[in-house]
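I have placed the structure first, in the form of structure tokens, so that the comments after it can refer back to it.
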Amino acid sequence: MDNVSEQKKKNAPEAKGASAVRKFHTHSIPLDMEDIARDWDKPVVDAGIAAKASVIVRVGMLDLGAGTGSFRVREMMHRIAYPLGVHVRADVNLTDIEATCTDGRNRITEVVDLPTTGVNTERIWLLEHFADWFSVNLGKGSMYHVDSRLSDGVVKHLDERDASQYSADLSKRLRERAKARAAASDGSVDDALDVALRAKVTVTSVAKSLDDDNEEAHRLLADSEKVTPIEDKAAEEKAYDDAEVFAGDSNEAVEAASSAGAESLTRHEAGNAPDNDENADGEPARSDGSGVRASEGDAADAATEPSSAKRKSRVPKEYAEHFNERSDEEKAKGGITVRQAHERLDLIERRKPLYKPWFSGLASALACAAFVFLLGGGPYDMIGAFVGAGLGQWMRRRLFAHHLNQFFVTFVCVAAAALACTGTLRLIGIFDPVALSHDTAYIGAMLFVIPGFPLITGGLDMAKIDFPSGIQRVAYVLCIILMATLAGWAVAVMVHLHPEGFEPLGLNPWVNGLLRFVAAFVGVWGFSVLFNSPQRMCLTAALIGAITDTLRLELQDFSVAPEMATFIGAFLAGVLASAWRSSVRRGWLPPHLGYPRICLTVPSIVIMVPGLYMYRAMWYLGSFDTVNALDWAFRAFMVIVCLPIGLAMARGTTENSGRETVELWCGPPWGGGTQHNIT
């Protein structure tokens, strides 16, 4: 026993040393560095170059970790650097960024490395909102989203579990308030009041600080929800700043009337006022303990207060984040502190996946079953792929939670999916021997691991003449495909499978076209779920993918070369995504549907990636049939090349078609910067 205790004491320093090494084994510059910590509570525009660079580079790191290409990462970093007067020069690769930032007086170089790579389209979308919130808050204009108030609300409520739903609710509220103001401006006060009352949305204030990192701290946008008043004025202002209370329209200043003015309301006005201490907009009247009531909305004020009432704007003492209500001088000073910027980036980085492993497995099962149908498979093939892909994706999510190597996880999950698919068909074969002849179905069960997102973004990077990043992404894709096809080939050899393709189904052309549309919709929806897209984004991408992939397959039926059909499909996907964005900008679609193009185009054409071609090339290579292996490999290569080319051509065409373009000068005010067009 004494020997054991002595051994523990002997190993104690080594254990402490190992813990210290792990603690300092970071992938980015720590935020508690002295030159950053001293500026932690300063406005970010007044902070030193180290603190500014920490925000700029961290935004780029989060965008890169979400799977987007190097061009978009640099563009995002420039958008953050522009309002700070900082010029950025960055080298972006698959998993690392080397960025040099200068403000004309000082210069700093920062290097960050990602431990791994993945895809998270929700994060890409939220970072777009963050960039607009950051830019507008520092006195610049919105560069991406149509309504800056939408970005303001989303960024201030990043603790919402479903940010997409909150964005939709807020967008609806802003439209209704706009209608109320428009009706009031036409002199129709009664109509304005009716619109405001119909738009009744009360808000429960939760005074929780961001430092608590509590996901439950948020504001509920729900009808007929009573509000607990905050009695103490100082506590109210503190909670207002901490919880970032957002009532839906940050462009309107909070109006307060004196108690004497409030008592002078006429009977008519008092009769129109709603009960439960709510104003005409359905929002609670705030009380600070002195009888002061505050209400929001020009339409509500016009309907509930006399024109002679004396009103004054009361802005809380610490009101930095409500940028739309500050003066131009205050905006120029930059109200966001370094702490506040990083707090919001913390919330973006720490957001949990939108979907549980079981739901992700279900989406994968549906997507791969639909994929098999589009490849020509029948019901038995689809059932086998459904079971195999669902089990494989569920396992992959569970194994990734333990931070295992991607290539190892890919091999294990593909092998499990192929075995599950084959076992399912063997089980069905007991009742119907026809199922035993469906040896190609297991290929569809392994298509959930095909890295279509980095494959297409790598091609787009090379189209932007960014070869280092593009080549690294393509190499990463080839490694994943190699591990997947090796696992599938090993299973085929073990259980003596002989994939020869799918038998023709012999469907009526019209019925076949309709089923293709449905299968493509389901397939793209499933892959979008795997990319962690919110449901509205999933459905939008699925609609685009259903149109484009159905067109591609129908063109192939009319003897159009698969490569040309793929190019046309990818080109149309890019055009439709641009048309969607343009419709949002012009007000034809609600502003909360303004998703980044890459979040719509890439998921919609991932289903066009020729996974069957790539596997058959590997199958023939394993059988030492090099002629057929090269034949299928080159077929796959030609189709893959056409995907990013089609998207790049669509982007170039739509950018020159009169769409709104924001000219952005990324650099210090004294010159030497670079010009970018944000579309």
Side-chain angles (χ1 to χ4, degrees), residues 121 363-378 381-382 385-386 389 443-444 447-448 450-453 455-456 459-460 502 504-505 507 509-531 533 537-580 595 597-614 635-636 638-650:
T121 51
S364 173
L366 292 172
C368 290
F371 210 149
V372 166
F373 176 80
L374 295 174
L375 293 174
D381 301 304
M382 296 173 64
F386 180 91
I443 299 178
L447 295 178
F448 66 95
I450 298 300
F453 212 100
L455 176 64
I456 296 169
L460 292 174
F502 298 104
L505 298 178
L507 297 174
W510 290 99
V511 174
N512 193 34
L514 179 61
L515 292 178
R516 281 175 172 174
F517 185 90
V518 174
F521 185 93
V522 173
V524 175
W525 174 85
F527 284 120
S528 297
V529 169
L530 299 188
F531 298 152
S533 298
M537 190 185 298
C538 291
L539 296 175
T540 304
L543 178 61
I544 295 174
I547 297 172
T548 56
D549 198 58
T550 302
L551 175 64
R552 175 183 71 93
L553 295 173
E554 293 297 323
L555 289 176
Q556 290 183 206
D557 288 347
F558 285 96
S559 301
V560 177
E563 298 81 12
M564 179 58 67
T566 301
F567 170 80
I568 294 174
F571 179 83
L572 180 60
V575 171
L576 290 177
S578 296
W580 184 274
Y595 303 119
R597 282 170 46 100
I598 194 172
C599 296
L600 300 179
T601 55
V602 176
S604 66
I605 67 173
V606 161
I607 203 167
M608 302 182 189
V609 175
L612 180 61
Y613 289 6
M614 291 185 286
R635 290 188 187 187
M638 290 301 297
V639 172
I640 290 171
V641 165
C642 290
L643 291 173
I645 291 178
L647 288 184
M649 292 289 289

Checklist outcome for this item: Nearest heavy-atom contact between P644 and L460 is O-CD2, 3.7 Å
Next on the checklist: Could you check whether any side-chain N or O of S533 sits under 3.5 Å from a backbone N or O of C538, counting only pairs where one atom can act as donor and the other as acceptor?
Outcome noted: no
Checklist entry - Roughly how far, to the nearest 0.5 Å, is the CD1 atom of I607 from the SG atom of C368? => result 9.0 Å
Checklist entry - Does a side-chain heavy-atom distance below 4.5 Å link N512 with F373? => result yes
Item to check | Contacts of F531 that satisfy ring-ring contact (aromatic ring centres under 6.0 Å, His included) - sequence neighbours left out | outcome: F453
Donor-acceptor list for residues 557-568 side chains, cut-off 3.5 Å, not counting sequence neighbours:
unit_1: D557; atom_1: OD2; unit_2: R516; atom_2: NH1; d: 2.6
unit_1: D557; atom_1: OD2; unit_2: R516; atom_2: NH2; d: 3.2
unit_1: T566; atom_1: OG1; unit_2: P562; atom_2: O; d: 2.7

Item to check | Nearest-0.5 Å distance that lies between atom OG1 in T540 and atom CH2 in W580 | outcome: 4.0 Å
Checklist entry - CG of L375 to CG of D381: how many Å apart, nearest 0.5 Å? => result 10.0 Å
Item to check | Pairs satisfying side chain to side chain donor-acceptor pair (under 3.5 Å), at least one member in residues 542-552, at least two apart | outcome: D549-R552, R552-Q556
Checklist entry - To the nearest 0.5 Å, what is the distance between CE (M614) and CD1 (I443)? => result 11.5 Å
Next on the checklist: P451: which residues meet the side-chain contact (heavy atoms from CB on, under 4.5 Å) condition with it, sequence neighbours left out?
Outcome noted: P454, V477, I480, I481
Which pairs would a plain distance check flag for residues 521-529, meaning a side-chain donor or acceptor within less than 3.5 Å of a matching protein atom at least two apart in sequence or in another chain?
unit_1: W525; atom_1: NE1; unit_2: Q535; atom_2: OE1; d: 3.0
unit_1: S528; atom_1: OG; unit_2: V524; atom_2: O; d: 2.9

Between side-chain atoms of residues 598-605 and protein atoms elsewhere (two or more places apart, or another chain), which donor-acceptor pairs fall under 3.5 Å?
unit_1: T601; atom_1: OG1; unit_2: R597; atom_2: O; d: 3.0
unit_1: S604; atom_1: OG; unit_2: L600; atom_2: O; d: 3.0
unit_1: S604; atom_1: OG; unit_2: T601; atom_2: O; d: 2.6

Next on the checklist: Suppose we screen for ring-ring contact (aromatic ring centres under 6.0 Å, His included). Which residues come up paired with F571, at least two apart in sequence or across chains?
Outcome noted: none
Item to check | Contact summary for A520 and G545, nearest pair of heavy atoms | outcome: CB-O, 4.0 Å
